[in-house]
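Have a look at the structure below before the remarks.
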Amino acid sequence: MASAEDIDRLRAEIDGLDREIVERLNARARAALAIGEAKKSTGRAVYDPERERQVTARVVAASEGPFPEKTLATIYREIIAACRGLEEPTRIAFLGPEATFTHAAALRRFGSAATYLPQADVAEIFREVERGNAGFGVVPVENSIEGAVSSTLDLFPDSDLSIVGEIYLEVSQNLLSREADSGAVQVVYSHPQGIAQCRSWLRRNLPHARLETVSSTAEAARMAAEQPGVAAVGSLGAAEVYGLKVLARSIEDIPNNVTRFFVIAREPAQTPAGPKTSILVTLKDEPGVLFRVLQPLARREVNMTKIESRPLKRRPWEYRFFMDLDGDPAAEPLRTALAEMREACVELRVLGTYEKAQRPTAPAPRAA
């Protein structure tokens, strides 16, 4: 059994290690500032996601424990974000207010040292980045249960912004309220996707409550904090921020609930490792045209991971398609495949090439 002297000795060792860690962090920060000055003189962007990925991967690979890899990666994400902030403050537009799932995704990508600019809707995020008020925007693009976020996809055709990254976030929906129990709840607010992800649970457990959609899950939480008889479907973070009780946890109808987000910017990303490319395709009105557009991908063995159709607003019953493809459009085989696809298209536009993010592992099914 350890004695009091042993504990004091170990604490003194920790104190010495903490001083050493602080010294090394400050040395790292000074090096980052020097790199920032060099980048300014050469016109290079401060944010380099590929470099940040390499640093994190190298640190995790060098570790011999006992720190879990995921924890170490989280710590280094914050260190890198803090150093990046010294080089140049990073401003991120996101779907607000604070504590939305979009906010959580942005924090996961950019760390807490960035400056976050909450926006009322996705269109405002695009506008803030286009105007230069934000260096990056984080927007939801699809959910594993409810599918595409059409309000996001419909903004790309009229925007010159590039997709420079993707984020997958595991989403857990919860019933939040200032009320002590769900019996007092008369109205439930949430983002449309939040309501849709929990619709069966809400019908079973709150059959008399009215379901209302608002701009975000965090906005729903804010409203629930201000009004009696109201609950919100949202995150545990929103409950903490707005001082709400958690009446029920993990109420989503399907447990494997993951939302994908895009990171958007004015300039395209540098060619990343493990690239993924998103394109926008408008087709000619001809028989078999979709087959002819997709055939080069199969012939060149290019993996298409997503295809989504959206109607053309001013041409009824005509559609454009969003596609996600593995590969870099500047390299084979995707380069040749895209060239062949263009022959059958009215328009083919590359929306961005970025590092392919790892999807969360699906959990085991819930017991009946």
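Atom OH of Y116 is surrounded by more than 12 heavy atoms from other residues, nucleotides or ligands within 6.0 Å. Within 6.0 Å of the CD atom in E301, the count of heavy atoms belonging to other residues, nucleotides or ligands does not exceed 12. Counting non-hydrogen atoms of neighbouring residues, nucleotides and ligands closer than 6.0 angstrom, the CZ atom of F67 reaches no more than 12 such neighbours. In D160, the CG atom is not crowded: 12 or fewer heavy atoms of neighbouring residues, nucleotides or ligands sit closer than 6.0 Å. The 12-atom threshold is not exceeded at CD of E240, counting heavy atoms of other residues, nucleotides or ligands nearer than 6.0 Å. Heavy-atom contacts from other residues, nucleotides or ligands closer than 6.0 Å to CD of Q54 number more than 12. Residue E20 places its CD atom among 12 or fewer non-hydrogen atoms of other residues, nucleotides or ligands, all under 6.0 Å distant. Shown here is R11, whose CZ atom has no more than 12 heavy atoms of other residues, nucleotides or ligands within 6.0 Å.
Under a hydrophobic-cluster definition in which Ile, Leu, Val, Met, Phe, Trp and Tyr are linked whenever side-chain heavy atoms come within less than 4.5 Å, directly or via other members, L283 and V350 are assigned to the same cluster. V149 and L95 end up in different hydrophobic clusters when Ile, Leu, Val, Met, Phe, Trp and Tyr side chains are linked at under 4.5 Å. L290 and V346 are assigned to two separate hydrophobic clusters, defined by single-linkage of ILVMFWY side chains at heavy-atom distances under 4.5 Å. Tracing side-chain contacts under 4.5 Å through hydrophobic residues (I, L, V, M, F, W, Y), one never reaches L280 starting from M304; they form parts of separate clusters. Note on V230: it does not cluster hydrophobically with I195, by side-chain heavy-atom contacts below 4.5 Å among ILVMFWY residues.
Counting heavy atoms from C-beta outward, W201 and S250 have side chains that stay 4.5 Å or more apart. At least one side-chain heavy atom of S278 sits under 4.5 Å from a side-chain heavy atom of F262. When side chains are defined from C-beta on, L325 counts as touching L338, because their heavy atoms get closer than 4.5 Å. Taking 4.5 Å as the limit, every side-chain heavy atom of H103 sits out of range of all side-chain heavy atoms of P118. For the pair L211/R199, a side-chain contact is recorded, criterion being any heavy-atom separation below 4.5 Å from C-beta on. Side-chain atoms of T115 and T90, non-hydrogen and from C-beta on, never get closer than 4.5 Å to each other. You'll find the side chain of P333 reaches within 4.5 Å of the side chain of V302, heavy atoms only. Counting heavy atoms from C-beta outward, R109 and F261 have side chains that stay 4.5 Å or more apart.
A donor-acceptor contact shorter than 3.5 Å is absent between the side chain of T213 and the backbone of P192. Under the 3.5 Å distance criterion, the side-chain polar atoms of R178 are matched with a main-chain donor or acceptor of E226. Of the possible polar contacts, one joining the D6 side chain to the S3 backbone as a donor-acceptor pair under 3.5 Å is found. The main-chain N or O of S235 is never found under 3.5 Å from a side-chain atom of N174 such that the two would form a donor-acceptor pair. Here the side chain of T152 pairs a donor or acceptor atom with the backbone of P140 at under 3.5 angstrom. A donor-acceptor pair under 3.5 Å links the side-chain atoms of E179 to the main chain of G229, judged by distance alone. The backbone N or O of V129 sits less than 3.5 Å from a side-chain atom of R266, completing a donor-acceptor pair. A donor-acceptor pair under 3.5 Å links the side-chain atoms of R108 to the main chain of Y168, judged by distance alone. Listed for the E267 side chain is no donor-acceptor partner under 3.5 Å among the backbone atoms of A265. Within the 3.5 Å criterion, the main-chain N or O of A357 finds no donor-acceptor partner in the side chain of K276.
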Is there a side-chain contact (heavy atoms from CB on, under 4.5 Å) between V141 and F322 once you walk through the steps? CA-CA 11 Å; V141 64; F322 293 84; over 6 Å; no

List the steps and the verdict of salt bridge (charged side-chain N to carboxylate O under 4.0 Å, His left out) for R127 and E124. CA-CA 5 Å; R127 281 192 283 270; E124 278 300 315; 2.7 Å; yes

Using the rule given for side-chain contact (heavy atoms from CB on, under 4.5 Å), can you reason through I264 versus F156, listing the C-alpha separation, both sets of side-chain angles and the distance that settles it, and then say yes or no? CA-CA 10 Å; I264 54 176; F156 280 105; 4.0 Å; yes

Check the pair V258 / R359 against side-chain contact (heavy atoms from CB on, under 4.5 Å), numbers first and verdict last. CA-CA 9 Å; V258 178; R359 297 174 186 165; over 6 Å; no

Given L176 and Y242, is the side-chain contact (heavy atoms from CB on, under 4.5 Å) satisfied, shown in steps? CA-CA 10 Å; L176 318 174; Y242 296 100; over 6 Å; no

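When all heavy atoms of S112 and L107 are compared, the closest pair comes out as CA-CD2, 3.9 Å. F94 and T102 get closest at one heavy-atom pair: CB-CG2, 4.1 Å. Minimum heavy-atom separation, S216 to P97: OG-CD, 3.4 Å. Residues V139 and I125 share a closest heavy-atom pair of CG1-CG2, 3.7 Å. A pairwise comparison of heavy atoms in N133 and R91 identifies O-NE, 2.8 Å as the closest pair. Shown here for A231 and V185, the closest heavy-atom pair between the two residues is CB-CG1, 3.6 Å.
Residues R19 and E23 are not paired through a salt bridge, judged by the lack of any N-O separation under 4.0 Å between the basic side chain and the carboxylate. Here E308 pairs with K306 in a salt bridge; the nearest charged N to carboxylate O distance falls below 4.0 Å. With respect to R335 and E332, a salt bridge is recorded, a charged nitrogen being found less than 4.0 Å from a carboxylate O.
Taking CE of M223 as the reference point, atom OG of S190 lies at 11.0 Å (rounded to 0.5 Å). In this structure, CZ in R320 is found 10.5 Å from CG in L153, a value given to the nearest 0.5 Å. One distance of note links CG of D324 with CG of L351; it measures 9.0 Å at 0.5 Å rounding. A distance of 11.5 Å separates CZ in F101 from CD in E170, rounded to the nearest 0.5 Å. Here L175 contributes atom CG and R249 contributes atom CZ; the two are 12.0 Å apart, rounded to the nearest 0.5 Å. Atoms CG and OH, from L312 and Y319 in turn, are 9.0 Å apart once rounded to the nearest 0.5 Å.
Using modelled atom types, one finds a donor on one side chain and an acceptor on the other under 3.5 Å when comparing T277 with T353.
Applying side chain to side chain contact (heavy atoms under 4.5 Å, CB included) to E340 and the options R292, R299, Q295 leaves one that passes, R299. Of the candidates Q197, Q193, E252, H191, Q197 is the only one forming a side-chain hydrogen bond (donor to acceptor under 3.5 Å, both in side chains) with Q173.
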